[in-house]
Amino acid sequence: MTTRAIDRTKTCASMTEVRAHVDAMDDILVPLLVERGGYMTQAAINKPRAALVRDEARIEAIVKRVRARAEAEGGQPDVIEAIYRGMMEAYIAYEHREFARLCAEGRKNESAQALSVAS
Ligand SMILES: O=C(O)C(=O)C[C@]1(C(=O)O)C=C[C@@H](O)C=C1
């Protein structure tokens with residue numbers, strides 16, 4: 001059986017130790033977030049219209065899924081939900097910028113460009 005994430009947290013005797021562990025976690029998290037961000041570019045490439053960048057049903061499905069995963073890992077579902085909602089807003093804004101960039105570079109078809117201006 002695999003250990004829960006919460007059970008892998010080390011007991012720390014000082015703030016120096018706490019921060020060393022937090023920095024080590026961030027060194028794992030940031031590359032993953034950058035890689036996840038790359039999929040916003042892929043989404044912008046694959047979505048036909050800018051109006052489809054924000055997908056409420058998908059957002060709610062992700063929130064439901066990550067809350068369950070947080071619970072299983074011994075974490076706080078409300079904290080994970082707040083992180084994910086904030087993170088997805090940032091990614092949605094990025095995906096819009098990527099969609100606009102692709103349009104400006106002539107890499108989206110004309111209907112996508114026209115509708116991206118309207119939305
Ligand atoms: O799944 C998509 O449609 C995406 O563009 C990705 C993503 C996400 O961050 O996971 C971003 C924007 C959408 O509102 C939903 C989800």
Side-chain angles (χ1 to χ4, degrees):
M1 205 196 106
T2 55
T3 57
R4 299 179 311 164
I6 196 68
D7 299 323
R8 293 195 291 273
T9 302
K10 311 285 187 298
T11 300
C12 300
S14 68
M15 276 311 295
T16 304
E17 236 182 284
V18 170
R19 288 177 178 174
H21 283 295
V22 168
D23 286 350
M25 296 284 100
D26 288 342
D27 286 346
I28 295 166
L29 278 171
V30 172
L32 289 173
L33 292 172
V34 170
E35 189 174 346
R36 192 185 194 286
Y39 288 106
M40 302 309 121
T41 303
Q42 293 305 307
I45 289 168
N46 282 283
K47 288 185 187 182
R49 298 190 305 281
L52 298 175
V53 166
R54 176 182 292 276
D55 185 330
E56 295 296 346
R58 175 64 177 156
I59 291 168
E60 294 313 313
I62 289 173
V63 166
K64 190 175 174 195
R65 192 172 166 276
V66 298
R67 282 187 65 94
R69 182 63 194 262
E71 187 98 57
E73 295 287 354
Q76 300 290 311
D78 289 351
V79 172
I80 298 301
E81 176 174 350
I83 291 167
Y84 262 78
R85 286 194 187 280
M87 179 183 81
M88 286 192 285
E89 286 306 317
Y91 280 134
I92 288 165
Y94 176 57
E95 195 177 312
H96 272 294
R97 291 197 299 278
E98 285 294 85
F99 197 98
R101 179 180 64 80
L102 293 165
C103 287
E105 290 174 358
R107 291 169 63 189
K108 304 290 295 183
N109 67 34
E110 275 176 36
S111 62
Q113 292 180 48
L115 284 156
S116 74
V117 172
S119 65

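Numbering of residues begins at 1 and proceeds along the displayed sequence. In this text the structure is predicted, and so the values were computed from the model without any measurement.
For Arg58, the side-chain hydrogen bond (donor to acceptor under 3.5 Å, both in side chains) test picks out no residue, with sequence neighbours left out. The side chain to side chain contact (heavy atoms under 4.5 Å, CB included) check on Thr41 picks up Ile45, Tyr94, Glu98, Arg101, with sequence neighbours excluded. Contacts of Val79 classified as side chain to side chain contact (heavy atoms under 4.5 Å, CB included), with partners at least two apart in sequence or in another chain: Gln76, Ile83. Taking the salt bridge (charged side-chain N to carboxylate O under 4.0 Å, His left out) definition, one finds that Glu17 meets it with nothing, sequence neighbours left out. When the side chain to side chain contact (heavy atoms under 4.5 Å, CB included) test is applied to Ala70, the partners found at least two apart in sequence or on another chain are Ile80. The side chain to side chain contact (heavy atoms under 4.5 Å, CB included) test applied to Leu52 returns Lys47, Pro48, Arg49, not counting sequence neighbours.
Other cluster members for Leu32: Met25, Ile28, joined by side-chain heavy-atom distances under 4.5 Å among Ile, Leu, Val, Met, Phe, Trp and Tyr. Cluster note: Val30 groups with Val34 through ILVMFWY side-chain heavy atoms spaced under 4.5 Å, whether in direct contact or through intervening members. Other members of the hydrophobic cluster containing Val22, listed by chain and number, are Met15, Val18; membership follows side-chain contacts under 4.5 Å among ILVMFWY residues, whether direct or relayed.
Here the shortest heavy-atom pairing between Gly74 and Arg4 reads CA-NH1, 3.7 Å. Taking both residues in full, the closest heavy atoms of Val53 and Phe99 are given as CG2-CD1, 4.4 Å, listed atom of the first, atom of the second, then distance.
Listed by first and then second residue, the salt bridge (charged side-chain N to carboxylate O under 4.0 Å, His left out) pairs involving residues 69-84 are Arg67-Asp78, Arg67-Glu81, Arg69-Glu73, Glu81-Arg85 (not counting sequence neighbours). Sequence neighbours left out, not one pair with a member in residues 21-40 passes side-chain hydrogen bond (donor to acceptor under 3.5 Å, both in side chains).
Between the side chain of Arg54 and the backbone N or O of Ile92 there is no donor-acceptor pair closer than 3.5 Å.
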